[in-house]
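Sharing a structure with you now.
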Amino acid sequence: MEIEPLTLVALTCAVISAVLVVWYLLRRPLLTRATKILLLFGIGLFPLGTAMTGNYVGFEATKERTFCGSCHVMKPYTEDSANPSSITLAARHAKNPMFGSQNCYACHADYGMFGTIKTKMGGMRHVWLYTTEYHSMSLEEARQKIHILKPFQNSTCMHCHSTKNPGFNAVPDHGSILPRIRNGTVSCASAGCHGPAHPFSKGPPR
Amino acid sequence: MKLRLPHISPGRTLRIAAILTLVSLALMVWSLLDPTVLPVMIAMSIGQMIGTLAFIAYGWIVFKDVTRQKRARRMSMQELDPPNKVFPPDSLQMEKIR
């Protein structure tokens with residue numbers, strides 16, 4: 001099991017803090033200046049270190065495909081995405097080291113100045129929906145019911161595929177509908193173009 | 001209506017704060033070792049809330065202890081050197097002569 005350096009920092013802070021706090025609980029010393037300083041580290045500074053590094057590690061963990069797949073209704077999507085023999089759009093992007101194990105986040109994140117915050121807010125909505133509606137739903141039922149909230153934005157694809165390279169425009173289907181690709185009226189991820197992105201993709205509800 | 005908080009001794013409050021710290025640390029460590037939805041959400045919300053509560057309790061006890069010590073020091077200084085000290089008339093005379 002490989003441990004990230006920041007995870008190690010967070011765990012070390014937690015262990016030191018726990019040792020100090022347990023020592024205090026077992027020995028019950030008088031509240032002298034030394035005890036106050038010791039508890040400042042045990043209750044304040046080291047737990048703060050764990051929380052700060054833990055937050056960063058946690059936010060990074062939320063970008064991982066395994067994190068998305070920890071809700072059972074997402075399993076078919078993440079399994080297909082991680083399948084090297086799958087040729088769906090998601091799987092093909094997962095094979096690219098630039099996306100790798102964070103391919104769900106790379107394609108479904110909002111970009112821009114407040115993109116990360118908007119993405120996390122959307123993620124909170126997913127957690128709420130999962131907890132309240134999908135938690136006990138069977139996979140078969142979930143496949144029928146789960147759908148993307150709004151149409152997938154071509155602007156996300158255009159972060160990498162700028163649509164300005166000669167090679168891109170040399171493809172007849174690209175050249176003929178280039179303005180519609182750029183303004184998003186034709187989706188890159190639609191069936192017949194490069195989609196569907198997942199084997200069970202459905203558009204937003206009408 | 002005046003809100004009355006239950007009286008808990010400083011030592012007990014600190015022990016509760018220490019136990020709360022251990023609980024919050026456990027939740028945060030759980031999220032580090034198993035970074036899935038439930039542990040991460042719990043660590044970032046409940047875990048950090050419990051940790052903050054523990055630190056506030058610790059801060060409150062230390063603040064009260066420091067103010068109590070300051071007050072006790074001030075009281076002892078006043079006992080040693082009372083401001084309205086009355087000198088006997090003879091001693092004043094002696095000062096003037098010197």
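Computed from a predicted model, the values in this text were never measured in an experiment. Each chain gets a letter, A, B and so on, in the order the sequences are listed, and its residues count up from 1.
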Seminar exercise, completed: When the 4.5 angstrom heavy-atom criterion is applied to A/Leu40 and chain B, the contacting part is both
Exercise. From B/Gln69 CD over to A/Arg33 CZ, what is the distance, rounded to the nearest 0.5 angstrom?
Worked result: 8.0 Å
For this session: Tell me, yes or no, whether the heavy-atom count around A/Lys118 atom NZ, taken from other residues, nucleotides or ligands under 6.0 Å, exceeds 12.
Result: no
Exercise. Which heavy-atom pair separates A/Ser17 from B/Leu25 by the least distance, and what is that distance?
Worked result: OG-CD1, 3.2 Å
Exercise. Side chain, backbone, both or neither: which part of A/Leu31 has an atom under 4.5 Å from a heavy atom of chain B?
Worked result: both
Exercise. Where on B/Thr21 is there a heavy atom nearer than 4.5 Å to chain A: the side chain, the backbone, both, or neither?
Worked result: side chain
Exercise. Given A/Thr7, which of B/Leu32, B/Val29, B/Leu33 fulfils the side chain to side chain contact (heavy atoms under 4.5 Å, CB included) condition?
Worked result: B/Leu32
Problem set entry | Within 6.0 Å of NE2 in A/His159, more than 12 heavy atoms from elsewhere | yes
Exercise. What residue, out of B/Leu20, B/Val37, B/Val66, has the most heavy-atom pairs lying under 4.5 Å from chain A?
Worked result: B/Val37
For this session: Give a yes or no on whether A/Glu133 atom CD has more than 12 heavy-atom contacts from other residues, nucleotides or ligands under 6.0 Å away.
Result: yes
Seminar exercise, completed: When rounded to the nearest 0.5 Å, the distance separating OH of A/Tyr24 from CZ of B/Arg15 is 6.0 Å
Exercise. Do other residues, nucleotides or ligands put more than 12 heavy atoms under 6.0 Å from A/Leu26 CG?
Worked result: yes
Exercise. What's the spacing between A/Lys36 NZ and B/Asp65 CG if we round to 0.5 Å?
Worked result: 4.0 Å
For this session: Please state whether the side chain, the backbone, both or neither of A/Phe67 comes within less than 4.5 Å of a heavy atom of chain B.
Result: both
Seminar exercise, completed: Okay, A/Arg28 and chain B: the region with an atom under 4.5 Å from a heavy atom over there is side chain
Exercise. Which pair of non-hydrogen atoms, one from B/Ala17 and one from A/Ile43, has the smallest distance, and what is that distance?
Worked result: CB-CD1, 4.1 Å
Exercise. What part of A/Tyr130 gets closer than 4.5 Å to chain B, counting heavy atoms only: side chain, backbone, both or neither?
Worked result: neither
Seminar exercise, completed: To the nearest 0.5 Å, atom CG of A/Leu45 lies from atom CZ of B/Phe55 at 6.5 Å
Exercise. So does B/Arg12 have more than 12 non-hydrogen atoms from other groups sitting under 6.0 Å from CZ?
Worked result: no
For this session: Give, as side chain, backbone, both or neither, the part of A/Thr53 having an atom under 4.5 angstrom from any heavy atom of chain B.
Result: neither
Exercise. In this structure, are over 12 heavy atoms from other groups packed under 6.0 Å from A/Tyr56 atom OH?
Worked result: no
Seminar exercise, completed: Of the listed A/Asn55, A/Val57, A/Val127, A/Leu48, the one with the largest count of heavy-atom pairs under 4.5 Å with chain B is A/Asn55
Exercise. Which value, rounded to the nearest 0.5 Å, describes the distance between B/Leu14 atom CG and A/Thr35 atom OG1?
Worked result: 9.5 Å
